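Remember, it's a predicted structure, so these values are computed and weren't measured experimentally.
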Amino acid sequence: MKNKRYRSGMMGILAAALLFCFPLIAAAAPSVEGDTNLTVEKDGSVSAEYTITSDEPMESAQLTLSYDKEALTYTSGSGGNSFSGNGGNGTVQLSSKPGDTTASFTVKFKGRADGETELTIAACTIVVDGKEINVLSGEIQTGEEGSETGEDTEVGDNNEDRASFVIDERTFYEHRPEDIEGFEPMHMDIQGKDSRVLKHQNLELYVIRLHSDNGSYRDNFVYNPDTGNVIPFVQMKSGDDTVIFIEPEEGGYVPTRYTAVELGWGPKYTIPARKHVIIDGVDEIQDDTNRYLIYGINQDGEKAWYSFDYDKNSLQLFDDVAYQGEQNYIMELEDKELGLGTELSGQIKRYDRDMAKRLYTIMFLTIIIIILLNVVVIQYLRMKKMHPADPEEEEEESASGGKPSAQPSYVTGNLEENESDFQEPDGEEEDEDEIELEIIDLDDLEEDD
């Protein structure tokens with residue numbers, strides 16, 4: 001009897017245990033597992049892997065990691081369908097749409113110092129059947145003020161009543177922000193819509209949370225009520241100060257020789273920044289360093305420019321007094337150089353102008369001289385042609401018997417005949433005074449023969 005009772009009691013206890021455990025197994029909460037400790041080598045690459053599991057297929061999954069930025073620098077991430085990832089300043093956000101009961105992520109870092117470091121899973125949420133579940137706590141996220149009705153849940157599709165912003169050609173909608181240390185929730189009007197924001201406890205600084213239209217990106221942004229613009233919420237240490245990046249003030253002080261650029265922050269967002277430029281004539285050439293000026297505000301409400309080293313992920317207050325003094329000295333030297341250059345250019349132009357005048361004068365005088373020489377030669381030739389013969393030359397010609405070219409002519413004929421028998425040489429009709437005729441006796445010639 002005792003054995004039967006004992007067996008019955010044990011069976012009852014076992015059945016009760018099975019009944020108690022079954023619903024726990026059926027309603028097992030989703031979980032996330034992954035690396036928490038890493039061994040790091042300076043300038044070496046190290047990776048960590050994480051797996052999120054759920055009993056039902058996940059519509060989307062998002063994982064947020066925290067790391068020591070003094071030991072690691074985020075480089076890349078991967079995993080899942082429609083993957084997106086961004087990181088920096090000690091935080092990494094990874095998301096995907098697995099469409100399965102398992103989602104895996106891989107994140108890679110670059111070591112900044114040798115040693116051991118820890119990774120912390122800061123947040124992990126999944127969406128199942130249109131409900132967003134906090135994997136770390138197992139709770140279902142609800143809407144404003146934790147409403148149990150879920151009318152304003154984070155995954156609701158009613159975006160018409162939400163403020164919207166366009167970032168990188170994608171629409172983002174305002175949602176209920178998560179708690180941030182040093183901020184307290186409040187309501188304010190954004191684009192004519194009653195929106196829940198976080199206000200800094202000591203500063204006029206507002207943070208809102210935006211979700212992309214497809215839910216892939218969910219991040220905090222600093223909202224500027226004066227301009228209606230937003231920039232990614234970034235909080236960094238600079239010495240003993242905690243600095244939050246804000247939008248530069250319109251018409252505010254901007255250091256000399258810095259041009260406006262958009263600094264890429266993660267794979268999706270940009271932050272307004274300034275980049276140093278070098279003046280080359282009229283061109284502005286950006287320097288090849290990864291240093292930028294970013295406008296920020298510290299915990300005391302002091303706004304200033306900060307020098308951000310993208311490679312080292314470090315921030316320090318920009319010394320505008322020393323920089324401006326240096327720039328004033330450089331500009332003074334440039335002004336002197338410009339003045340000397342202007343003076344030298346003026347002298348060169350004046351020299352060229354004087355030489356041109358001299359050249360034109362020489363060419364003009366040369367032409368005048370050539371013309372005068374031609375006139376003189378022509379006049380000389382004309383005068384020489386018109387000048388009468390010299391008397392001495394005439395006397396010499398008469399002494400020589402007349403013109404040297406004239407040859408004596410012979411007249412043939414019979415002396416006993418009439419004078420008409422004499423014939424003058426053809427083609428010679430000269431005056432008797434000018435031509436002397438020699439009469440030859442033909443009879444004498446015959447006797448001589």
Side-chain angles (χ1 to χ4, degrees), residues 64 66 69 86-91 93 122-123 144-145 162-165 167 172-211 217-255 258 260-263 265-266 269-274 292-310 313-321 323:
T64 303
S66 297
K69 61 183 180 181
N86 62 82
N89 195 33
T91 303
Q93 288 186 341
E144 298 282 350
E145 304 295 342
R162 304 178 188 273
S164 63
F165 300 85
I167 302 174
F172 284 70
Y173 295 95
E174 174 268 331
H175 281 258
R176 181 179 182 271
E178 299 176 349
D179 294 336
I180 301 177
E181 184 179 357
F183 289 79
E184 54 188 16
M186 62 169 291
H187 285 263
M188 71 181 304
D189 182 274
I190 299 178
Q191 301 175 0
K193 309 240 175 38
D194 182 35
S195 305
R196 181 181 172 87
V197 303
L198 295 178
K199 181 185 178 300
H200 196 279
Q201 294 176 352
N202 303 320
L203 308 175
E204 289 297 321
L205 187 68
Y206 304 92
V207 175
I208 62 176
R209 186 167 181 81
L210 299 180
H211 291 187
Y217 296 89
R218 306 181 180 194
D219 299 284
N220 295 326
F221 291 80
V222 176
Y223 173 69
N224 187 344
D226 296 332
T227 63
N229 299 328
V230 295
I231 66 171
F233 174 71
V234 181
Q235 189 171 242
M236 295 185 68
K237 295 290 292 183
S238 174
D240 296 332
D241 293 336
T242 300
V243 180
I244 298 175
F245 296 168
I246 61 175
E247 186 181 16
E249 298 178 343
E250 295 183 3
Y253 166 73
V254 178
Y258 273 88
V261 296
E262 292 294 331
L263 172 62
W265 198 263
Y269 309 126
T270 59
I271 293 177
R274 296 276 173 171
Y292 300 84
L293 287 188
I294 301 179
Y295 203 62
I297 184 172
N298 64 9
Q299 70 281 352
D300 298 325
E302 298 172 343
K303 300 178 181 179
W305 289 99
Y306 289 84
S307 178
F308 174 69
D309 190 324
Y310 187 86
N313 195 33
S314 62
L315 191 73
Q316 64 181 10
L317 182 65
F318 179 71
D319 191 352
D320 55 345
V321 176
Y323 174 79

(message) Before we go on, tell me: are the rings of F183 and H200 under 6.0 Å apart, centre to centre?
(response)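 Yes.
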(message) Determine whether the aromatic ring centres of residues F221 and Y269 are separated by less than 6.0 angstrom.
(response)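 Under 6.0 Å, so yes.
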Are any non-hydrogen side-chain atoms of [X] and [Y] less than 4.5 angstrom apart?
| X | Y | value |
| --- | --- | --- |
| V234 | I244 | no |
| D194 | D189 | no |
| Q235 | V243 | no |
| Y295 | K303 | yes |
| P272 | P248 | yes |
| F165 | L210 | yes |
| Y206 | P225 | yes |
| F233 | I180 | yes |

Where the side chain of [X] meets the backbone of [Y], is there a donor-acceptor pair that is under 3.5 Å apart?
| X | Y | result |
| --- | --- | --- |
| W305 | D319 | no |
| N298 | D300 | yes |
| R162 | E174 | yes |

(request) Test V230 against every option in N220, I190, V207, I208 by the side-chain contact (heavy atoms from CB on, under 4.5 Å) rule and name the one that passes. (result) I208
(message) Just to verify, which of Y306, F318, F308 counts as forming a side-chain contact (heavy atoms from CB on, under 4.5 Å) with S238?
(response) Y306
(message) Working note: L315 + F245, criterion side chain to side chain contact (heavy atoms under 4.5 Å, CB included); need CA distance, chi angles, decisive distance, verdict.
(response) CA-CA 11 Å; L315 191 73; F245 296 168; 3.9 Å; yes
Interatomic distance, [X] atom [atom1] to [Y] atom [atom2] [nearest 0.5 angstrom]:
| X | Y | atom1 | atom2 | result |
| --- | --- | --- | --- | --- |
| Q201 | E181 | CD | CD | 8.5 Å |
| R176 | L198 | CZ | CG | 9.0 Å |
| S195 | M186 | OG | CE | 10.5 Å |
| I294 | I246 | CD1 | CD1 | 12.0 Å |
| K237 | K69 | NZ | NZ | 8.5 Å |
| T64 | R218 | OG1 | CZ | 10.5 Å |

(request) Would you tell me whether Q299 and D241 have side-chain atoms, one donor and one acceptor, within less than 3.5 Å of each other? (result)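 The answer is yes; a qualifying pair exists.
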Looking only at heavy atoms, what is the nearest atom pair of [X] and [Y], with distance?
| X | Y | value |
| --- | --- | --- |
| P255 | L293 | CG-CD1, 3.6 Å |
| P185 | R196 | CB-NH2, 3.2 Å |
| A273 | Y292 | CB-CB, 4.3 Å |

(request) Evaluate the criterion side chain to side chain contact (heavy atoms under 4.5 Å, CB included) for residue pair E247 and T227; output intermediate values, then yes/no. (result) CA-CA 9 Å; E247 186 181 16; T227 63; 2.9 Å; yes
(request) Answer yes or no: is there an ion pair linking R209 with E178, defined by an N-O contact shorter than 4.0 Å? (result)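 E178 and R209: salt-bridged.
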